[in-house]
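Have a look at the structure below before the remarks.
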2 protein chains.
Amino acid sequence: MIIEKKKAFNSFSAKKGLRSTRQRDIILDFFLSTHQHISVEELYLKIKAIHPGIGNATVYRTLKLFVEAGLAREVLLHDGQTRYEHIMAGEHHDHLVCTGCNSIIEFENETIEQLQNEIAARHGFMIQSHKMEIYGLCASCRS
Amino acid sequence: MIIEKKKAFNSFSAKKGLRSTRQRDIILDFFLSTHQHISVEELYLKIKAIHPGIGNATVYRTLKLFVEAGLAREVLLHDGQTRYEHIMAGEHHDHLVCTGCNSIIEFENETIEQLQNEIAARHGFMIQSHKMEIYGLCASCRS
DNA sequence: TTATGTGTGAAAATGAATTTCAAAAGCAAG
DNA sequence: CTTGCTTTTGAAATTCATTTTCACACATAA
């Protein structure tokens, strides 16, 4: 899966006429080795610890390329930093988020997907992605 | 509905020991008279046009109070500005977000609501609220 | 290898949001 | 109403994430 993502970025680079550079390789490696939503600063510090030469502007620039290439997605939390998460093939971003213990249950529902398509079509809207989060209390936090 | 919100803010103020000031009244009036998701800067400019004395720090401060009071909610889009929207009783937060022009189309769909309830029940989850955002290109950005 | 244009790092610039602080205003008690 | 105490405010300064600038380094194709 890491190999596929690297290939995906390479073909994106080729298509866009971007050059392959040491920095982008490194940043991609580090990004792919993270889990959860990492902020640019966090990623930059991790990288800098091992590759001190790399500047934060490059990390910012490169993460935007990953978004363009379809490898990553911006996630906005409420902490004033932009975070990035991986885009997995066939993934849906439907979550039950427990406000008690912050646990997350993922789910998928074909009917909702279909309804989304209908709604979008009705508004002349072309869907790129979606996010659905249901907030509440999970079974163990209710008791 | 505007009256109720004003009352709600008054009782919040009383409970918190906040003072009632001309500025907070004005900002609440302007906020309540807006639709969609307004950014602090936009609201500030609207207010300043009529009440030049009011500073933007006050607008920032006051909108945070509205959130605390349960009248408003922060909405993060991808344009680097924090926006605020009204919290309506029984409201749903379903949006088509155009990644081209950042415009937002609101919609409601009873079937999706029902499906959400079913999904939640299946996981022993008690729903408090939800958020659904569909990202893509609106009709005019597609052409 | 060389020519050309892209990519990079460091530093400066930007811009939203927050903080500071002295002055103004609300509020309760007399 | 006046006094005294506290909160609130506006303007300016500050902070901090992100973006831009620019000279230099590097990738790529001929």
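Quick caveat: nothing in here was measured; it's all calculated off a predicted structure. Proteins get letters first, then strands, A, B, ... in listed order; numbering begins at 1 in each.
Note: CZ (A:Arg19) to C1' (D:dA29) measures 9 Å, nearest angstrom. When rounded to the nearest whole Å, the span between NE2 of B:His78 and P of C:dA16 equals 17 Å. We find that CG of B:Leu18 is positioned 11 Å from P of C:dC27, with the value rounded to whole Å. Note: CG (B:Asp79) to P (D:dT19) measures 12 Å, nearest angstrom. Look at CG on A:Leu43: it is 15 Å from C1' on D:dT18, rounded to the nearest Å. The distance from atom CG of B:Leu65 to atom P of D:dT9 is 8 Å, rounded to the nearest whole Å. C:dT8 atom P lies 18 Å from atom NZ of A:Lys48, rounded to whole Å. Remark: P of C:dA17 and CD of B:Glu41 are 9 Å apart, rounded to the nearest angstrom.
Within the 4.0 angstrom heavy-atom criterion, no nucleotide atom of any strand lies near A:Gly17.
Between C:dT6 and A:Lys16, no contact under 4.0 Å exists linking OP1 or OP2 to a side-chain N or O. Side-chain nitrogen and oxygen atoms of B:Tyr60 include none within less than 4.0 Å of the OP1 or OP2 phosphate oxygen of C:dT18. Of the side-chain N and O atoms in B:Lys64, one or more sit less than 4.0 angstrom from OP1 or OP2 of C:dT18. OP1 or OP2 of C:dA17 lies within a sub-4.0 Å distance of a side-chain N or O belonging to B:Thr82. Distances shown here put every side-chain N or O of A:Gln23 at or beyond 4.0 Å from the OP1 or OP2 atom of D:dC26. For the OP1/OP2 pair of C:dG7 and a distance below 4.0 Å, the side-chain nitrogens and oxygens of A:Thr58 include no atom meeting the criterion.
The line from OG of A:Ser13 to CZ of A:Arg24 is 6.5 Å long, rounded to the nearest 0.5 Å.
Ring-centre distance between B:Phe31 and B:Phe66: below the 6.0 Å cut-off. Ring to ring, B:His37 and B:His95 are close: their centroids are under 6.0 angstrom apart.
Residue order along DNA chain C, read from the 5' end via each residue's closest nucleotide, puts A:Val59 first among A:Val59 and B:Tyr84. The nearest heavy atom of DNA chain C to B:Ser20 and to B:Gln81 marks one nucleotide each, and the one closer to the 5' end goes with B:Gln81. When each of A:Asn56 and B:Arg24 is assigned the nucleotide of DNA chain D bearing its nearest heavy atom, the one mapping closer to the 5' terminus is B:Arg24.
Under the 4.5 Å side-chain heavy-atom criterion for grouping Ile, Leu, Val, Met, Phe, Trp and Tyr, A:Leu65 is not connected to A:Val75 through any hydrophobic cluster.
Residue A:Arg22 places no side-chain atom within donor-acceptor reach of the base of C:dG7, judged by atom type and a 3.5 Å distance cut-off alone.
Exactly one of A:His130, A:Glu133, A:Met132 qualifies for a side-chain contact (heavy atoms from CB on, under 4.5 Å) with B:Met132. That residue is A:Met132.
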